[in-house]
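Report on the structure given below.
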Amino acid sequence: GHTSKENDQQKTSTKTALLNKDFRQSLGFAIDRTNYAAQLNGKESANTAVRNIFVKPDFVQADGKDFGTMVMDQLPAYGDEWSGVNFADGQDGLYNKDKAKAQLEKAKAELQKDGVQFPIHIDVPVAQSSKGFVARMQSLKQTVEDTLGKDNVVLDLQMMDQDEVLNITLNVPSAADADWDLQGLVGWNPDYDDPSTYLDTLQPSSEDQTKVYLGFAGGVDNASAKAVGLDEYAKLLADANSESLDVTKRYEKYATAQAWLSDSALVIPTMSSTGAATVISKVVPFSGPSSQTGNKGSSYFKYVEVQDEPVTKKQYEQAREKWQKEKAESNKKAQQDLEKHVK
């Protein structure tokens, strides 16, 4: 395989460590997402792409709160490490060296009892031809090793051709063929305006998805799936999906599923493609149709206006502020109409 591990003991140590929630959380708190996004966006615009949660935090609203806030309200019940976490887009609300070290110490005490040897070697497949991807993975390696210490965790970047990377990650025929410990190749574009469009991608009964996102078969009879509690996640998804009348309750239940997922640190968000890479454009900001799901967004030209000069940062920011205000008002009205309709 594509590995720097030298013996079976190192392989077993890595597997055991990655099945430990505190250890996975330590990785999540050790990543400097702003630095990571800067590899694509440059320092000045790095923040625009930072994402801290799998479901976009303002994807849906209920009861005057956006989805990210609903999740933040629930997370402290899982442990002190979640107090003060901020899931809003455009800032790194997870990177915290003290928390990363504290979770690592918790994990280490537990893992050493099981005979796990440190440092833990983590194989990360990297497509060597993609400059941006290489830079992001180098940033990941640097901040994780700096925060947790190379005597504890080493990220081994496995350089290979793009086809080879895809064959062991996205295109694996079965979970047994997945050959990575941590990878930065998966993301999700939502298809419809309900949190399930994101959260169902990790539906444990869908082996096609879990092998790509998690590197193992999600079936509840699978030892790894059991060890990380995916059966619990499956129950939360089923419970949320069964709520079809009260939209606020439905979103609350999906927020519970997302809170479980965030706490599990099985998927560690870093950045969103929507806030990525700065472009030069003469399209009047927000003049065209916009949608966060479906195909009525960027590829749809109705209503689009063009101006003579390229858009400036200041113009974009003013237009964005105005658009967000109008969007909030329109959402509020839609929510009120919906509630009248439901009643």
Side-chain angles (χ1 to χ4, degrees), residues 51-79 82 85-89 93 187-210 213-214 218-220 225 228-267 269 272 274 289-297 300 323-343:
R51 167 75 47 90
N52 305 278
I53 184 175
F54 189 44
V55 177
K56 189 170 178 279
D58 57 357
F59 189 60
V60 294
Q61 292 78 26
D63 233 4
K65 288 180 190 174
D66 71 19
F67 190 76
T69 307
M70 293 160 78
V71 179
M72 288 189 292
D73 288 348
Q74 299 202 29
L75 262 172
Y78 282 92
W82 294 108
V85 158
N86 181 0
F87 283 136
D89 269 352
W188 187 253
N189 282 327
D191 295 314
Y192 44 87
D193 291 345
D194 185 76
S196 58
T197 186
Y198 284 99
L199 297 172
D200 281 353
T201 53
L202 301 166
Q203 176 58 265
S205 58
S206 167
E207 205 152 307
D208 265 0
Q209 302 277 45
T210 60
Y213 279 84
L214 306 176
V220 180
V228 298
L230 269 192
D231 48 344
E232 176 64 22
Y233 181 61
K235 281 184 200 140
L236 294 174
L237 285 183
D239 182 43
N241 198 37
S242 68
E243 179 52 72
S244 54
L245 293 175
D246 184 329
V247 73
T248 301
K249 269 192 194 144
R250 181 179 175 88
Y251 293 167
E252 280 288 349
K253 286 182 173 189
Y254 274 117
T256 305
Q258 170 67 69
W260 185 94
L261 187 62
S262 291
D263 179 65
S264 80
L266 288 165
V267 176
S272 75
T274 44
S290 119
S291 70
Q292 56 182 3
T293 55
N295 61 0
K296 285 284 193 286
Y300 200 74
W323 176 77
Q324 281 179 322
K325 207 175 141 192
E326 286 166 2
K327 181 179 148 189
E329 283 162 9
S330 153
N331 282 352
K332 195 175 167 185
K333 187 180 179 307
Q335 181 80 26
Q336 286 165 346
D337 292 348
L338 183 73
E339 279 161 10
K340 272 184 215 147
H341 179 73
V342 170
K343 280 171 191 156

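- Side-chain contact between L75 and D263 is present, with heavy atoms from C-beta onward closer than 4.5 Å.
- In this structure a side-chain-to-backbone donor-acceptor pair under 3.5 Å is present from E243 to D246.
- Looking only at side-chain heavy atoms (C-beta outward), L236 and L199 stay at 4.5 Å or farther from each other.
- A salt bridge links K333 with D337: at least one charged nitrogen is closer than 4.0 Å to a carboxylate oxygen.
- Side-chain atoms of M72 and P57, non-hydrogen and from C-beta on, never get closer than 4.5 Å to each other.
- Scored by the salt bridge (Lys or Arg N to Asp or Glu O under 4.0 Å) test, E232 finds no partners at all (sequence neighbours excluded).
- Looking at heavy atoms from C-beta onward, L237 lies in side-chain contact with Y254 at the 4.5 angstrom threshold.
- Looking only at side-chain heavy atoms (C-beta outward), Y233 and S264 stay at 4.5 Å or farther from each other.
- Between the OG1 atom in T201 and the CG atom in N189 there is a gap of 11.5 Å [rounded to 0.5 Å].
- Annotation for F59 and P195: closest pair CE2-N, 4.1 Å, computed over non-hydrogen atoms.
- A distance-only check finds a donor-acceptor pair linking the side chain of N52 to the backbone of A88 [under 3.5 Å].
- Without hydrogens or angle criteria, D63 side chain to K65 main chain gives no donor-acceptor distance under 3.5 Å.
- Less than 6.0 angstrom separates the ring centroid of Y198 from the ring centroid of F54.
- Looking at heavy atoms from C-beta onward, L266 lies out of side-chain contact with Y213 at the 4.5 angstrom threshold.
- Using modelled atom types, one finds a donor on one side chain and an acceptor on the other under 3.5 Å when comparing Q258 with S262.
- Across Q74 and M70, no two heavy atoms sit closer than the pair CG-O, 3.4 Å.
- Distance check: R250 CZ to D239 CG gives 10.5 Å after rounding to the nearest 0.5 Å.
- Counting only distance, with no hydrogens or angles, the side chain of T197 and the backbone of D191 share a donor-acceptor pair below 3.5 Å.
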Derivation and outcome, side chain to side chain contact (heavy atoms under 4.5 Å, CB included), residues R51 and D89: CA-CA 5 Å; R51 167 75 47 90; D89 269 352; 2.8 Å; yes
Working note: L214 + V267, criterion side chain to side chain contact (heavy atoms under 4.5 Å, CB included); need CA distance, chi angles, decisive distance, verdict. CA-CA 8 Å; L214 306 176; V267 176; 4.1 Å; yes
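- Within the 4.5 Å cutoff, the side chain of K332 has no heavy atoms near those of the Q61 side chain.
- Rounding to the nearest 0.5 Å gives a distance of 10.5 Å between OG of S196 and CD of Q203.
- Side-chain contact check for D66 versus Y251: every heavy-atom pair is 4.5 Å or farther apart.
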